[in-house]
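Heavy atoms only: backbone and side chains are in, while hydrogens, waters and symmetry mates are out.
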Amino acid sequence: MGEMNVDVIKPATRSDLAVIRLSGIVDALTLPDLEKTLHDLMGEKRFNIVVNCQKLKFISSSGMGLFLGILGEVEKQGGAICFSQVLQPEVHDAMNLLGFFDIFPLYNQEVEAVQQCRQRT
Amino acid sequence: MPAKDVTPNEVTLPCDASIFEKVRGFVRQKAVEAGFNQREVGRFILAADEACSNIVKHAYHFDPHHKLTLSWHLRDEDAMLQIEDDSPVPYLPSRNDFDLPTKIKYRHTNGYGKYLINRVVDDVQYETIPGSHNKVSLIKFRKDQISRRSKDPQLNPYDIARVRSLSLQTLYEVGESLGRQENPEELMKILLYSIMGRLTTHPVVILAPLHPTAPFVVVGEVGLSKKRDIAELALPRHGWVVETLWAQRGPFLVEEFRRLKIPREELETLDSLNVVLLVPLFVLRGLRGIVALGSKRSGKTFSEDDVKLVSFLANYVLLLKEGLERGTSSYPVTPGGDFRAAVRAAIARLGQACRESKIEIDFDDSRGIPQVEMEPEFLQKVVFTLLTHILYLTQEGEGISLKLESLQGAGSLTILYNGTPLSFEKGKVGYNPLIDQIMTGTMRLKECRKAIEGRGGEITTDSKGEKVVVTFKAPHLKKVS
């Protein structure tokens, strides 16, 4: 089956932020794992989330819907979600079709996203 | 040339944990074999994944005892993926009432799949036999046919069968290609096809199918911007659609005509026109355009009033466009024949309306250049006039009533169609944000009344002045089944 891996990095310098490095496939089957990861981060009050998509090969609408839903939750807590390195053309295209990049800031580098990822007033 | 098929054209897959990967693999293989480019392959895969996910998740609840059958059909002009299931649950991917901005705004998590499917393939068809099976067909036109089409000298906008075979995506790409080749005649033709094609093939653009003798219908904004976007604002239960096509900020078709130096006479003599464009600008923000089309082929001849309206709207367009770009507006009006008289009449009417509304307007007929200072209320009146006229045109017999619960801060819009109320309430699926914007903005009763009465409509209010019913009669239009 299509696999998804989620590596979570929690920088020591920012207790409000986490980086998740997504790889593989986000579809209807792998979605629950991603959902759990994101909710766990919110449970830890890490409301600023950087999503590194460098190795993400596919994302379905359910995956994108999850990020939108989570965004709604983190925004209430003053947080934000930023994306970096959406390199796979198919992934970029799918996200673009939903207007993802009008909502989520997109950065070329993870480090840049980490620096910028906070809710804008 | 597409490569020869090397894999089976049909697979039956159990709905187990591997199904989505197998679906994507099957579609990828077949789409690559068919000669689609990387982006289109990716989009085909996305559509297939979304359709299958919906069935497996909502109809089968991930029960591995069920199966899906995928079949691939490579035809001359397109490729079709059919997905068959035996679920009793209907799946309607062709529904087109999706309001993406609202979904995004409220951070909804669900419902994007159907939207994506309709965005990434050229056609979605659905068949169901209750209690037996469902079949979803995802169709994409083949790239290698596009270039052949574009060179086809027989392409005729009234060749409905031909038009039906063209998609907006295809047309857009053909148009782009032709634009690069500096072939303006062909480009214009293609643009016209795209409009006609949309009218005749898109299930929700219903004004023409509902009433083919209507002198013009509303299609949407047509542009050539690379940043194309299809944003549909629909009243889907009734089928009314006002949509913007392709361009959020693209140039209007009329500008393309001008740029391509198509003789003005050809544009302005209605008798010679196959298509009458044009384009009152829409709500202030976003400047959506509307293209009004008229077709001689429809069998409807233009009445004097129709001519007036078109010219009226055409002038509005030109005035509004420049006005909105520059803060003020001026546009030379140099039409010929009857159209000239109609334009003059329209301008006079416009001037009268503006004077009554105390809107500053200065027509300098000696130069044929009207100067208009734009004001928001003025624009809203235009929009309202247009909308009401659309309704007027496309109904028959008793006409249609617009029932506005209140004009300021209205939360709902009710349309009475043959006496049956069709309500569109804020926040519910199918609610048209455009209508909301118009009705709840700064639209005032005074402007509404003038706009309505100016179009031969009637407006009545109840004793408290809280409810308003607007009625337009269209007795000259015949019923179309």
Side-chain angles (χ1 to χ4, degrees), chain A residues 1-4 23-36 38-39 42 47 49 53 56-77 79-81 86-105 119, chain B residues 13 15-25 27-28 31 37-58 60-62 64 93 98 100-101 103-121 227-231 248:
Chain A
M1 60 179 281
E3 291 186 353
M4 177 195 70
S23 59
I25 305 290
V26 176
D27 62 12
L29 284 172
T30 60
L31 188 72
D33 290 343
L34 177 59
E35 190 171 11
K36 181 178 183 310
L38 290 166
H39 280 118
M42 287 199 297
F47 297 123
I49 299 169
C53 299
L56 182 62
K57 293 178 180 173
F58 179 85
I59 186 166
S60 67
S61 68
S62 55
M64 291 186 277
L66 171 63
F67 281 114
L68 280 166
I70 294 292
L71 177 63
E73 295 183 41
V74 300
E75 282 176 334
K76 291 174 189 169
Q77 305 296 330
I81 298 177
V86 181
L87 302 180
Q88 189 71 22
E90 289 90 340
V91 174
H92 193 282
D93 188 40
M95 290 181 168
N96 197 40
L97 284 166
L98 281 190
F100 233 50
F101 303 124
D102 295 333
I103 309 157
F104 298 99
Q119 195 170 75
Chain B
L13 303 169
C15 296
D16 58 21
S18 67
I19 185 168
F20 298 128
E21 186 180 18
K22 288 176 179 171
V23 166
R24 291 191 292 266
V27 176
R28 180 181 298 280
N37 65 27
Q38 183 185 11
R39 188 185 76 157
E40 300 309 324
V41 170
R43 288 185 164 198
F44 225 138
I45 291 169
L46 182 62
D49 184 273
E50 296 293 348
C52 292
S53 296
N54 237 307
I55 298 165
V56 172
K57 185 176 179 181
H58 298 298
Y60 290 158
H61 306 289
F62 295 99
F98 190 81
L100 181 64
K103 288 269 187 184
I104 297 281
K105 179 179 178 183
Y106 294 107
R107 309 296 190 231
H108 288 183
T109 58
N110 299 318
Y112 299 103
K114 290 176 184 175
Y115 172 81
L116 279 177
I117 290 172
N118 281 282
R119 285 292 305 269
V120 300
V121 297
K227 189 180 179 184
R228 64 182 181 277
D229 187 43
I230 299 176
Q248 289 186 320

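- Contact detail for A:G69 and B:T109: the closest heavy-atom pair is CA-CG2, 3.3 Å.
- Considering every non-hydrogen atom in both A:P89 and B:Q38, the closest pair reads CG-NE2, 3.8 Å.
- In this structure, no portion of A:F100 lies under 4.5 Å from any heavy atom of chain B.
- Atom CZ of B:R119 sits about 14.0 Å away from atom OG of A:S61, to the nearest 0.5 Å.
- Rounding to the nearest 0.5 Å places OG1 of A:T30 at 11.0 Å from CD of B:E21.
- The salt bridge (Lys or Arg N to Asp or Glu O under 4.0 Å) test applied to A:K36 returns A:D40, not counting sequence neighbours.
- A 4.5 Å side-chain heavy-atom check between B:Y112 and A:L68 finds at least one atom pair inside the cut-off.
- At distances below 3.5 Å, not a single donor-acceptor pair connects side-chain atoms of A:E90 with backbone N or O atoms of B:R39.
- Here B:L46 contributes atom CG and A:D27 contributes atom CG; the two are 11.5 Å apart, rounded to the nearest 0.5 Å.
- With values rounded to the nearest 0.5 angstrom, A:L29 atom CG is found 7.5 Å from B:S53 atom OG.
- With a 4.5 Å cut-off on non-hydrogen atoms, B:L116 touches chain A through its side chain but not through its backbone.
- Ionic pairing of A:E75 and B:R107 is present here: one or more N-O contacts between side-chain nitrogen and carboxylate oxygen are shorter than 4.0 angstrom.
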| request: Go through the steps to decide whether B:R24 and A:F58 satisfy the test side-chain contact (heavy atoms from CB on, under 4.5 Å), and finish with yes or no. | output: CA-CA 10 Å; B:R24 291 191 292 266; A:F58 179 85; 3.8 Å; yes

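- Looking at B:V56, neither its backbone nor its side chain comes within 4.5 Å of chain A, counting heavy atoms on both sides.
- For A:L97 against B:Y115, the heavy-atom pair with the smallest separation is O-CE2, 3.7 Å.
- Atoms CG and OG, on B:D49 and A:S62 in that order, are 7.5 Å from each other to the nearest 0.5 Å.
- B:I104 and A:L98 make their closest contact through CD1-O, 3.7 Å (heavy atoms, listed as atom of the first residue, atom of the second, distance).
- With a 4.5 Å cut-off on non-hydrogen atoms, B:F62 touches chain A through its side chain but not through its backbone.
- For A:I59, the part lying near chain B is the backbone, with the side chain staying farther off; criterion is any non-hydrogen pair under 4.5 Å.
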